[in-house]
Every structure is written in C-alpha cells, then in structure tokens.
Amino acid sequence: MTQKHTQKRIAIIGAGLGGLCLAQGLKKNGIDCTIFEKDPALNTRTQGYRIRVNEPGRNALQECLPSHLYNLFMETCAASYPGMNVVTTTLESSKNELVESWSDGIKEIPDLKPNRLTLREILLQGLQKQISFGKELASWKELENNEIELHFTDETTYTADLVIAADGVHSKIGAQHCKDQKVNTGNITIYGRTFYSPEAQKAVSSQLQKGTSVIVGNQFSLITDAMVFDFSKKDSSWDLLSPISNYFYWAFIGNPKAFDLLPADFYTHSGEDIAHLITQLTKGWHPQLTALFEYADRKSLSITPIRSSLPKEPWKSGNITALGDAVHTMSPAGGVGANTAFIDAALLTANILSNNDISVAVSDYESKMRFYSNRAIEISLQGGEILHGTYEKK
Ligand SMILES: Cc1cc2nc3c(=O)[nH]c(=O)nc-3n(C[C@H](O)[C@H](O)[C@H](O)COP(=O)(O)OP(=O)(O)OC[C@H]3O[C@@H](n4cnc5c(N)ncnc54)[C@H](O)[C@@H]3O)c2cc1C
C-alpha cells in the first residue's frame, strides 16, 4: 500500500453484504473509506433469513475480516451437514439432479449457514463511524481533475477519488457506468421462516429438522434449511448482535403460474395473502411438511421477482466501479450472489493494496470479476432450470 492510498477518499455506496465486506477489507489494511447507505438503519427491511456461504465466499470473508469478527461469524452460523435430503411432497426420498453450486455431498466442507442479519451486523462492527445512514445516491458527476462528485437525495454532496457502487440490484452506477443489463427471469421466490416453537417442532417432520431438504414440484421447488445455532458457544461477543433463535428457513422458487399468480400481483401481497397462496399450492402434501407453513411467522413472508444480469462486455475502466448485485445480479437458485460479492470485495481490496495506480487496480478487478461473475450467473440460471422444470398445470 502506498501513502497515496491512505489519503484517497474512497466512497462505498450501500452497506449491504458486499459493501460492508469491502469496507472491512480496507480497514483491516489501514485504508479508510466512507459508506453511504440509503436505509435509516441496518435492520429497517427484511432481506431473507439465511444465507449459504460456500468455501470461496468463506475464504473471501476470512481475508477481509479481522480474526475476532471472522471467529464470531463462524461461531454464529447454524449447524451445517454435508449433503441434502431430496424428498417428494409426501416426504418420500427422491432422486433428483441438484444445482451444481449446492452439491454439498461432494464437498469436503459443507456450506456455512449464517443468519443474514447476524452476518450483516458482524460485518458492520468497527465501521459504525464510517457509515452515513439515510444517504441515497441520486447521481454522480466526473470532474475534470479526476474527482467524482456524489449527489444524494437529501441534496448533500461528497467528493471522492474512488467510488465503489455496492448498492444492489437497482444500482444506477452498475447500469449506467458498468453497462450491467438485468432482466426479469419471469420466476419468483416466496420465502419465510418458522420459529422452533415446541408446537412447530412437534408438528414438523424430524427429517426436516436437520440440514437442508429440497422438494422438486411441478415447475417450482421448495428448499428448507434447519437453522439450529450452537448457543453453548455464546459469549460476550454475541452481545453485539441482535438475539437469534432456532428456525426453519424455507423458500419456494418457481414460475408464478405454479402459485396462480400474475406477474403484476407480486408487490401487492400481504403476509396473509402469501400464506393463502401457499395453503392452496400445498393441498394434499404431507401434514408434517405443511406444518412448516401453518406455524410460519406471518411477518416474515415475502415474494420477490427473480432478476438476472446478462453476460457482460468490458466497459471503460476508471475510478468508478461496482461490486455485488449492483454489477452482477443472479438468481438465488445458485445460492452464490452474496458469495460472489464477497469474492469481489476481497479481490478489490487486494488490488487496491498492491497497485499504486487506482485505475490499474480497478481495471484488473473488473476484468477478473466479469469472467467469474458471468460463470456464476450462468450456473445460477441453470440451477433455476433444474428447480423450476417445465410448467404443465394439471
Ligand atoms: C431469497 C434469496 C435468497 C438468497 N440466498 C442466497 C444464498 O444463500 N447465498 C448467496 O450467496 N446469495 C444469496 N442470495 C443473493 C444475495 O442476497 C445477494 O447477492 C447479496 O445480498 C448481494 O449483496 P450486495 O451487497 O451486492 O447487495 P445488497 O445486499 O442488496 O445491499 C445493497 C445495499 O445498498 C443499499 N442501497 C440501495 N440503493 C442505494 C442508493 N441509491 N444509495 C445508497 N444505498 C443504496 C441498500 O439499502 C442495501 O443496503 C439470495 C437472494 C434472495 C433474494
């Protein structure tokens, strides 16, 4: 690292998983940055409940986090096991080809399963003074002296030497500067969680109470994950985090028609509406499976359309770049979107450290990132094909 880098004004737009991971990587190496997040606080919105972290994602987190936070991350993950149960809607064993990136059975180290908010809270530790909440990027201007002027919706501005957009799927910098084109795949995900109350634990099949299970239906699939934490590891470092308790995470992924939904319906559904859709879809399923939805936390139910970036061509590199969903959105069917954001963060950190010239660091990052993210997008789309199948309503 050169003295020059420590004096550079680095702005990260978005305090999501990728932006915070990058900020941690920079901080670990003595480089300052400022993070601008549009939400008023970290837990303003619900954003899924568990996240699968694969080996490359875990390595990237280890590179970016100081050891005490990496250890806290490892300790707060739910128990994970190699392999997964593939079952039918009547809970019989089924043989089904699975998504390549999920093939836990052939991996030596099974994917880790952190609670998403917990991971985000860990990524936030030590950065509190560097984050401005309630700052939504509205536009930016490249000045003649190589500076970038950021404009926020509250009419404030900030001048930076390097800008990294980590502002997720609707990123303007991703779309305009990095020419990232995203399309609606036409599929959706419906997800929620069911706490391990004594009633739910009694009613839900014991085979769903350990590890990951997948049910492949008629142009949709259901994935369930038992999120069981090891509270014997709890120490004072857990006090930094919102309390967690055991739960089942479950997510349907598929064609909206399989749920009797029209595309325009997605955003208008309340938790009760979603619960009703699921009841209709799961009629005739094994009661020890439908118990998952009967006991679900209604507030946790969400519907999200699945979007995907198209393969990318190079763009002109400079001192504005992007990472994560901002520049490569992918279907959750692959379970690698956040993992790819962590890899971006680790690579960008390493490049900034090892190059005197920021534009060289960015250009090398972008060419490598385009390559591996194009592959991750493709794997995720293939995963979707396996999970959605061909829709033939009976
Ligand atoms: C149901 C579901 C399950 C998933 N499961 C997995 C999984 O198991 N494993 C996996 O690897 N991936 C998974 N993903 C994908 C993963 O969630 C994303 O790839 C990941 O969150 C991307 O991180 P990010 O930091 O790029 O964006 P985000 O996490 O979306 O963060 C973007 C941040 O930018 C902020 N922001 C947005 N606009 C602005 C603005 N204009 N100005 C300032 N701030 C702004 C947002 O508020 C947010 O905090 C899943 C996705 C879904 C929908």
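Both counts, for ligands and for their atoms, begin at 1 and track the order of listing. In what follows, every heavy atom counts, from backbone to side chain, and hydrogens, waters and symmetry copies are set aside. We count residues from 1, following the sequence as given. All figures in this text were calculated on a predicted structure; none of them were measured in a lab.
Using a non-hydrogen distance threshold of 4.0 Å, R120 registers as a contact of ligand 1.
At under 3.5 Å, a nitrogen or oxygen of A338, whether backbone or side chain, sits near a nitrogen or oxygen of ligand 1. The shortest N or O to N or O distance between G335 and ligand 1 is under 3.5 Å. On a distance-only criterion, P332 and ligand 1 share no N/O pair closer than 3.5 Å. Between T304 and ligand 1, a contact under 3.5 Å exists for no N or O pair. Between L137 and ligand 1, at least one N/O pair is under 3.5 Å apart. Considering backbone and side-chain atoms together, Y191 places no N or O closer than 3.5 Å to any N or O of ligand 1. When only interatomic distances are considered, the shortest N/O to N/O separation between E136 and ligand 1 does not fall below 3.5 Å. Between R52 and ligand 1, an N or O atom pair is found at a separation short of 3.5 Å. In terms of N/O distances under 3.5 Å, ligand 1 is approached by E37.
For CZ of F231, the number of neighbouring non-hydrogen atoms (other residues, nucleotides, ligands) closer than 6.0 Å is greater than 12.
If you check each of R116, K38, H170 against atom 29 (O) of ligand 1, the one with the closest non-hydrogen atom is R116. Closest to atom 37 (C) of ligand 1 by heavy atom, among I51, D167, I35, V53, is D167.
The aromatic rings of F152 and F36 sit tilted relative to each other, their planes meeting at an angle between 30° and 60°. Taking the six-membered ring where the residue is Trp, F259 and F252 present perpendicular rings, their angle passing 60° and hence far from 30°. Aromatic ring pairs are classed by plane angle as parallel below 30°, tilted from 30° to 60° and perpendicular above 60°; the pair Y70 and F73 is tilted.
The heavy-atom pair separating Q201 from Q209 by the smallest distance is O-NE2, 2.7 Å. When every heavy atom of N85 is checked against every heavy atom of Q207, the shortest pair comes out as ND2-O, 3.1 Å.
The Y249 neighbourhood of ligand 1 comprises atoms 1 (C), 3 (C), with distances under 4.0 Å to a heavy atom of that residue. Atoms of ligand 1 found under 4.0 Å from any heavy atom of G324 (numbered from 1 in listed order, with element): 26 (O). The atoms of ligand 1 that sit less than 4.0 Å from any heavy atom of R50 are 8 (O). Residue-ligand proximity, K135 to ligand 1, at heavy-atom distances under 4.0 Å covers atoms 42 (N), 43 (C). Listed by atom number, the atoms of ligand 1 under 4.0 Å from F36 heavy atoms are 43 (C), 44 (N). With ligand atoms numbered from 1 in the order given, ligand 1 contributes 42 (N), 43 (C) to contacts under 4.0 Å with heavy atoms of I13. With ligand atoms numbered from 1 in the order given, ligand 1 contributes 32 (C), 33 (C), 34 (O) to contacts under 4.0 Å with heavy atoms of A166.
Under the 4.5 Å side-chain criterion, counting only non-hydrogen atoms from C-beta, N355 is not in contact with D364. Proximity of L127 to C33: side-chain heavy atoms (C-beta onward) are nowhere separated by under 4.5 Å. Side chains of T304 and I188 form no contact here, defined as non-hydrogen atoms less than 4.5 Å apart.
A salt bridge does not link D167 with K38: none of the charged nitrogens is closer than 4.0 Å to a carboxylate oxygen.
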For residues 311-327, dump all side-chain donor-acceptor pairs below 3.5 Å to protein atoms at least two apart in sequence or in another chain.
{"from": "K312", "atom 1": "NZ", "to": "D180", "atom 2": "OD1", "distance (Å)": "3.2"}
{"from": "K312", "atom 1": "NZ", "to": "V327", "atom 2": "O", "distance (Å)": "2.8"}
{"from": "W315", "atom 1": "NE1", "to": "E366", "atom 2": "OE1", "distance (Å)": "3.3"}
{"from": "W315", "atom 1": "NE1", "to": "E366", "atom 2": "OE2", "distance (Å)": "3.2"}
{"from": "S317", "atom 1": "OG", "to": "E366", "atom 2": "OE1", "distance (Å)": "2.3"}
{"from": "N319", "atom 1": "ND2", "to": "N146", "atom 2": "O", "distance (Å)": "2.6"}
{"from": "N319", "atom 1": "ND2", "to": "D161", "atom 2": "O", "distance (Å)": "3.1"}
{"from": "T321", "atom 1": "OG1", "to": "E366", "atom 2": "OE2", "distance (Å)": "2.6"}

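With a heavy-atom cut-off of 4.0 Å, K113 does not touch ligand 1 at all.
Within the structure, ring-ring contact (aromatic ring centres under 6.0 Å, His included) contacts touching residues 13-35 (residues at least two apart or in different chains) do not occur.
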